Colleague: 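The following block contains the structure, expressed as structure tokens.
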Protein chains: 2
Amino acid sequence: MNTAIDPGSRASSYHHGDLREALLAAAETLLERGGVPALTLRAVARAAGVSHAAPAHHFGDLTGLLSELAAVGFTRLGAGFDAAMAGAGSEPAARLTAMGKAYVAFARAHPGLFVLMFRSERLDASRPALRDATTAAGLALRTAIARTRPSATDDAPLQAVARIAGLWSLVHGFSVLLIDNRLGGLLGALPPGDDPDTLLAAMLDAVSIEDGGRQVAD
Amino acid sequence: MNTAIDPGSRASSYHHGDLREALLAAAETLLERGGVPALTLRAVARAAGVSHAAPAHHFGDLTGLLSELAAVGFTRLGAGFDAAMAGAGSEPAARLTAMGKAYVAFARAHPGLFVLMFRSERLDASRPALRDATTAAGLALRTAIARTRPSATDDAPLQAVARIAGLWSLVHGFSVLLIDNRLGGLLGALPPGDDPDTLLAAMLDAVSIEDGGRQVAD
DNA sequence: GGATGATCTTGACAGTGACAAGATCGGGCG
DNA sequence: CGCCCGATCTTGTCACTGTCAAGATCATCC
């Protein structure tokens, strides 16, 4: 009668063996399938094949479970940044595009997780796992952006901060609007064959004009 | 015994008189006070001083109430756009800044409402009031952005769409991150005296470079 | 003045988070 | 080897929620 998502490992009768990870995996499946509202302590317990109170033992309460799951997401996002920066060349504009693409690609690949990661009213930001993961990902993002500008040191403080905040806002807002399907009309106005990736590249290209003097001028 | 937020108008015993508006007002108060989780059919009913099932008569279910409230928000946002465009001059860069400021100002003035407006899983986008309000606000936003570029007609389609999507994404992402307090570190790095408005202006200034040839070059 | 329909209340049911108490199991200590 | 202790999981319960059904109240129109 085990409706568990992962019935493998060592499902003894009582002690599960690795229930904590199984619960997180089940939660992620439910999240991507039904969004944040589907993330219920009891639903997660059902999906993992345990009693309704089992998750509380590992995560305390629902906020704890959601926070740990969000931490997984931030860790994964940070890893995506690192991979994108490692794969990109040394040219600033290319690095910037790679970073933006990594951000949006993560959001599109795991929309439920991405939404959860920024639903702060359901999370406990002071939880160590979440706090560490967010700061790590934020640091990776900021350094990645900072390195996409050749001569960043001579920027005025306001301009330097504006560059980071602007790019972050751009890719974050685009991800949110894309997931929410708010860009339907705009995407429909694109030339045939152009997808969101093309649009993102064009957006980043427009912003990166202030780099070495690259011009759009067709 | 009436714990209603608005005990005025004509609180007869049974028929409220304008319960629908009173419920929406109570809901907005609860929303701004406790965020989306505080928006409960029963809590709204309590705040309005009516029985727990009264809201269902006017809005059908919780999704209906949230959708109507979100519609109020979109209408207000659209009005903010119009006011900003009316108050701005004719210079493209100034109009763009005014539009962005109006967007972010609305989000900061009504953070709960703004968050609700984009929590699509709790809304019914097909509800007439919400559908009309969103399309009206979206149209106002797009035309406002389009008019911030002098020679918009000779843009390539991709660039034209990228300009609109980019600016929308920028102001939306900034609003979201600001409300979520994700920009704490960056705001702390600003020169003393600079606030989020200054940062937004700098961000928009950097983006608007591709306008008439305005340069940052200090 | 009475019927009719809109408006609001009362009551009930299933689902949820949270807590308390108990059952089960594994590992370490005698 | 036997036993105890703590971690793990279950069962039971309570308050709260959304939703529905049925009834009470009132305004309006004929």
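Predicted model only: the values in this text are computed from it and were never measured.
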Colleague: What parts of residues 51-64 of chain B reach DNA chain D, counting only heavy atoms under 4.0 Å away?
Modeller: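 Heavy-atom contacts with DNA chain D come from H52(B), A53(B), D61(B), L62(B).
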Colleague: Would S67(B) and D124(B) count as having a side-chain donor-acceptor pair, cut-off 3.5 Å?
Modeller: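 No pair is found: no donor N or O on one side chain lies under 3.5 Å from an acceptor on the other.
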Colleague: Report the distance from atom CG of L23(A) to atom P of dT10(D), rounded to the nearest whole Å.
Modeller: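 After rounding, the gap between these two atoms is 10 Å.
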Colleague: Take the angle between the ring planes of H172(B) and F114(B) and call it parallel below 30°, perpendicular above 60°, tilted in between.
Modeller: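 Judged by the thresholds at 30° and 60°, the geometry between H172(B) and F114(B) is tilted.
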Colleague: CG of L19(B) versus P of dT25(D): gap in Å, rounded?
Modeller: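 Taking atom P of dT25(D) as the reference, CG of L19(B) is at 18 Å.
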Colleague: Taking side chain as C-beta onward, heavy atoms only, is L158(A) less than 4.5 Å from L190(B)?
Modeller: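 Result yes, sub-4.5 Å side-chain heavy-atom pair found.
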Colleague: Taking N and O atoms by type only, does the side chain of R42(A) place a donor or acceptor under 3.5 Å from a partner on the base of dG15(C)?
Modeller: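 Counting by modelled atom types and ignoring angles, no donor-acceptor contact under 3.5 Å is found here.
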Colleague: Five pairs per end, C1' atoms only: what is the angle between the end axes of the helix from dG1(C)-dC30(D) to dG30(C)-dC1(D), to 10 degrees?
Modeller: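 Answer rounded to 10°: the end axes differ by 10°.
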Colleague: For D124(A) and dA18(C), give me the distance from atom CG to atom P, rounded to whole Å.
Modeller: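 The distance from CG of D124(A) to P of dA18(C) comes to 12 Å, rounded to the nearest Å.
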Colleague: Around atom CZ of R119(A), are there more than 12 heavy atoms from other residues, nucleotides or ligands closer than 6.0 Å?
Modeller: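 Correct, the count exceeds 12.
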Colleague: Report yes if some heavy atom in the side chain of R122(A) is under 4.5 Å from a heavy atom in the side chain of L62(A); otherwise report no.
Modeller: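 R122(A) reaches L62(A) side chain to side chain.
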Colleague: Sequence neighbours left out, what passes side-chain contact (heavy atoms from CB on, under 4.5 Å) with D61(B)? Give chain and number order.
Modeller: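 D61(B): side-chain contact (heavy atoms from CB on, under 4.5 Å) contacts with T63(B).
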Colleague: What is the distance, to the nearest angstrom, from the CZ atom on R122(B) to the C1' atom on dG18(D)?
Modeller: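 Atom CZ in R122(B) sits about 11 Å away from atom C1' in dG18(D).
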Colleague: Shortest non-hydrogen contact from A88(B) to A98(B)?
Modeller: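 Taking every non-hydrogen atom into account, CB-CB, 3.8 Å.
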Colleague: What's the shortest heavy-atom distance between F59(A) and R127(A), and which atoms?
Modeller: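 Smallest heavy-atom distance, with atoms named: O-NH2, 3.0 Å.
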Colleague: Tell me the interatomic distance from L41(B), atom CG, to dT9(C), atom C1', rounded to whole angstroms.
Modeller: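 Spelled out: CG on L41(B) to C1' on dT9(C) is 15 Å.
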Colleague: Rounded off to whole Å, could you give me the CZ-to-C1' distance for the R46(A) and dT16(C) pair?
Modeller: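 Rounded to whole Å, this separation is 9 Å.
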